[in-house]
Amino acid sequence: MKILRTIPEVRAAVGDARLDSKTVGLVPTMGAFHEGHLSLMRRAREQNDLVVVSLFVNPTQFGANEDLGAYPRDEARDAELAAAAGVDILFAPAASEIYPDGFATSIHVTGITDVLDGASRGAFHFDGVATVVTKLFGIVRPDVAYFGQKDAQQVLVVRRVVRDLDLDVGIEACPIVREADGLAMSSRNVYLDPDARAQATALNRALDAAASVHEAGERDGDSILSAARRVLEDAGIEPEYLELRDAEILQSVRHVEGDALLAVAARVGAARLIDNHLLSAPKDS
Ligand code: AMP
């Protein structure tokens, strides 16, 4: 596996592969790899001739009071894990490579970024995501890029950018990878002390409880959400948001008929965690 720092180096390496008619898969990440990241890399490995992973803690998607400085970084460990997953190129640029002096462009997606994490963290967050992902697509020009359903709203934002700007890249969303007790894997789980780590299991348990109610035939949004809220309350968690939204356009849904995204964000100990379940419409409806 090559570790590359500059855009020309990546272009040259990918260009060579393209001359040989190789397909290129890209996995954008911020590092601190866990099984969630590795599942995307393995999927990319199965489906492409050349696999590029970007490792870049993107400053523009962090707010002033967020954890940019504290975000876990361990490039040597990440490089070992990526190599073991069969990655060909780890692109780990400096911030100045991505945002040179005079950088002035931002991509803003309207509508779907106004809710959930866009409302909770601020509009800058998805502007930062959309801009850096578009840049990575321009640098690597992948055939397919791989994202985790863990960040469900991010997947929708990236798909929207690709559609609206006619970018020639396929977007593949991969399932959420969880710890044995159901906690969604996240680089931010390292912030959890043992008490908070135990408390954090309530997020997935809450989503499970709501999904069971839905599965049993409940269609009233408030009733479904109440099942989740009870579990969070019992665990002493006050969510930043706990919402049911249309799975494609993120409109609020009061009565669940089609596919719905059940999404939660909460501070647990020192971490801000997000999780979600997709509530699928019954096949016969
Ligand atoms: P991050 O490094 O947190 O920006 O994540 C990089 C990619 O890995 C994103 O597409 C995430 O959605 C995905 N990812 C993070 N955690 C998980 C997880 N537990 N399961 C599946 N994908 C994940």
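First listed ligand is number 1; within each ligand, the first listed atom is number 1.
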G36 neighbourhood, listing ligand 1 atoms whose heavy-atom distance to it stays under 4.0 Å: 17 (C), 18 (C), 20 (N), 21 (C), 22 (N)

Salt-bridge present (D275, R178; N to O < 4.0 Å): yes

Relative to atom 10 (O) of ligand 1, which among C174, S187, S186, G148 owns the nearest non-hydrogen atom? G148

Within ligand 1, which atoms have a heavy atom of I176 less than 4.0 Å away? 20 (N), 21 (C)

Heavy atom to atom 16 (N) of ligand 1, shortest distance: which of H37, E179, H34, Q154 holds it? H34

Can you confirm whether more than 12 heavy atoms, excluding those of R45, are under 6.0 Å from its CZ atom? yes

For ligand 1, which atoms, with element, lie under 4.0 Å from some heavy atom of F147? 10 (O)

The protein heavy atom nearest to atom 21 (C) of ligand 1 is P175 O, 3.3 Å

Of N204, V268, L192, the residue whose pairing with L183 passes side-chain contact (heavy atoms from CB on, under 4.5 Å): L192

Quick one: does R160's side chain get under 4.5 Å of I249's, heavy atoms only? no

Using a 4.0 Å heavy-atom cut-off, say whether P28 meets ligand 1 through its side chain, its backbone, both or neither. backbone

So which of R178, M30, K150, R188 gets nearest to atom 23 (C) of ligand 1, if we judge by its closest heavy atom? K150

Electrostatic pair D222:R254 at N-O distance under 4.0 angstrom: yes

Contact between I98 and F103 at the side-chain level, heavy atoms closer than 4.5 Å - yes or no? no

Regarding atom 8 (O) of ligand 1: of the candidates D151, L40, V158, V27, which has the closest heavy atom? L40

Would you mind reporting whether P8 and E97 have side-chain heavy atoms less than 4.5 Å apart? yes

Which atoms of ligand 1 sit under 4.0 Å from any heavy atom of M185? 16 (N), 17 (C), 18 (C), 19 (N)

Residue, atom name and distance, where the atom is the protein heavy atom closest to atom 20 (N) of ligand 1: V177 N, 2.8 Å

Where is the tightest heavy-atom contact between A263 and Y241, given as atom of each residue plus distance? O-CD1, 3.7 Å

